[in-house]
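Here's the structure, in structure tokens; my notes come after.
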Amino acid sequence: MTLKMAVRRELERLQAQLIQDGLWQSEPVPAQALASTQPFAVDTLRFEQWLQFIYLPRLFALLDAGAPLPTKVAVAPMAEEALAGRDEVIALLSKLDSLMSEAQDA
């Protein structure tokens, strides 16, 4: 399995876990909330909204375009703060952080 295939699989697992945990929302957020320049859009979105509306779509778009993935990724530490007790989500984000950091060496 290629690195990009592994990342896609983990992103799909993350999405499924967010849905299972009730952290996925059916209504979109306002467009202005997506325009934040703050890390994790902390001024306009909850962390799980950032995952759903910014992180996942951007990574899926990179994969679909065959573009390089980011290589300096550290989302899990923010998840540990924002989603304390959501161990499955945190573990998936840790794995994604590791996979994409490995892309730097590939």
Side-chain angles (χ1 to χ4, degrees):
M1 174 181 301
T2 68
L3 175 65
K4 288 186 176 184
M5 288 171 56
V7 168
R8 182 178 297 277
R9 184 190 67 216
E10 294 306 314
L11 290 172
E12 290 167 351
R13 290 179 64 202
L14 174 60
Q15 181 175 340
Q17 190 65 50
L18 290 168
I19 292 167
Q20 181 179 326
D21 286 357
L23 297 173
W24 195 264
Q25 69 183 57
S26 57
E27 296 296 318
V29 294
Q32 63 267 26
L34 302 175
S36 172
T37 58
Q38 296 295 311
F40 306 106
V42 295
D43 58 335
T44 59
L45 299 173
R46 293 186 317 274
F47 182 70
E48 63 270 17
Q49 290 174 314
W50 177 82
L51 289 171
Q52 179 180 350
F53 295 106
I54 296 177
Y55 184 72
L56 287 167
R58 286 186 183 169
L59 289 176
F60 279 127
L62 289 173
L63 290 168
D64 292 344
L69 293 169
T71 56
K72 295 194 187 301
V73 183
V75 176
M78 181 63 177
E80 290 170 2
E81 291 289 320
L83 300 176
R86 302 286 187 167
D87 296 340
E88 296 86 0
V89 172
I90 294 166
L92 287 165
L93 287 166
S94 292
K95 186 164 186 179
L96 279 162
D97 285 356
S98 295
L99 281 170
M100 287 188 279
S101 294
E102 290 171 15
Q104 179 175 316
D105 302 327

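Computed from heavy atoms alone, side chains included, the values below leave out hydrogens, waters and symmetry copies.
Residue Phe40 is grouped with residue Val89 when hydrophobic side chains (ILVMFWY) are merged at heavy-atom distances under 4.5 angstrom, including chains of intermediate members. Under a hydrophobic-cluster definition in which Ile, Leu, Val, Met, Phe, Trp and Tyr are linked whenever side-chain heavy atoms come within less than 4.5 Å, directly or via other members, Ile19 and Ile90 are assigned to different clusters.
Taking CH2 of Trp24 as the start and CZ of Phe53 as the end, the distance is 7.0 Å to the nearest 0.5 Å. Lys4 NZ to Leu11 CG: the interatomic distance, rounded to the nearest 0.5 Å, is 12.5 Å. Here the straight-line distance linking atom CZ of Arg46 with atom CG of Leu51 works out to 11.5 Å at 0.5 Å rounding. Note that CD of Glu80 is 9.5 Å distant from CG of Asp87, once rounded to the nearest 0.5 Å. Leu83 CG to Leu93 CG: the interatomic distance, rounded to the nearest 0.5 Å, is 8.0 Å. Here the CG-CZ distance, from Leu99 to Arg8, works out to 13.5 Å after rounding to the nearest 0.5 Å.
For the pair Glu12 and Arg9, the salt-bridge criterion is not met [side-chain N within less than 4.0 Å of a carboxylate O].
By the neighbour-count criterion of 12 heavy atoms within 6.0 Å, atom CD of Glu81 is sparsely surrounded, having that number or fewer from other residues, nucleotides or ligands.
Shown are Val73, Leu59, Val75, Leu14; of these, the side-chain contact (heavy atoms from CB on, under 4.5 Å) with Leu96 is made only by Leu14. Between Gln25 and the choices Gln49, Gln52, Glu48, the side chain to side chain donor-acceptor pair (under 3.5 Å) rule is met once, by Gln49.
Counting only distance, with no hydrogens or angles, the side chain of Arg86 and the backbone of Asp21 share a donor-acceptor pair below 3.5 Å.
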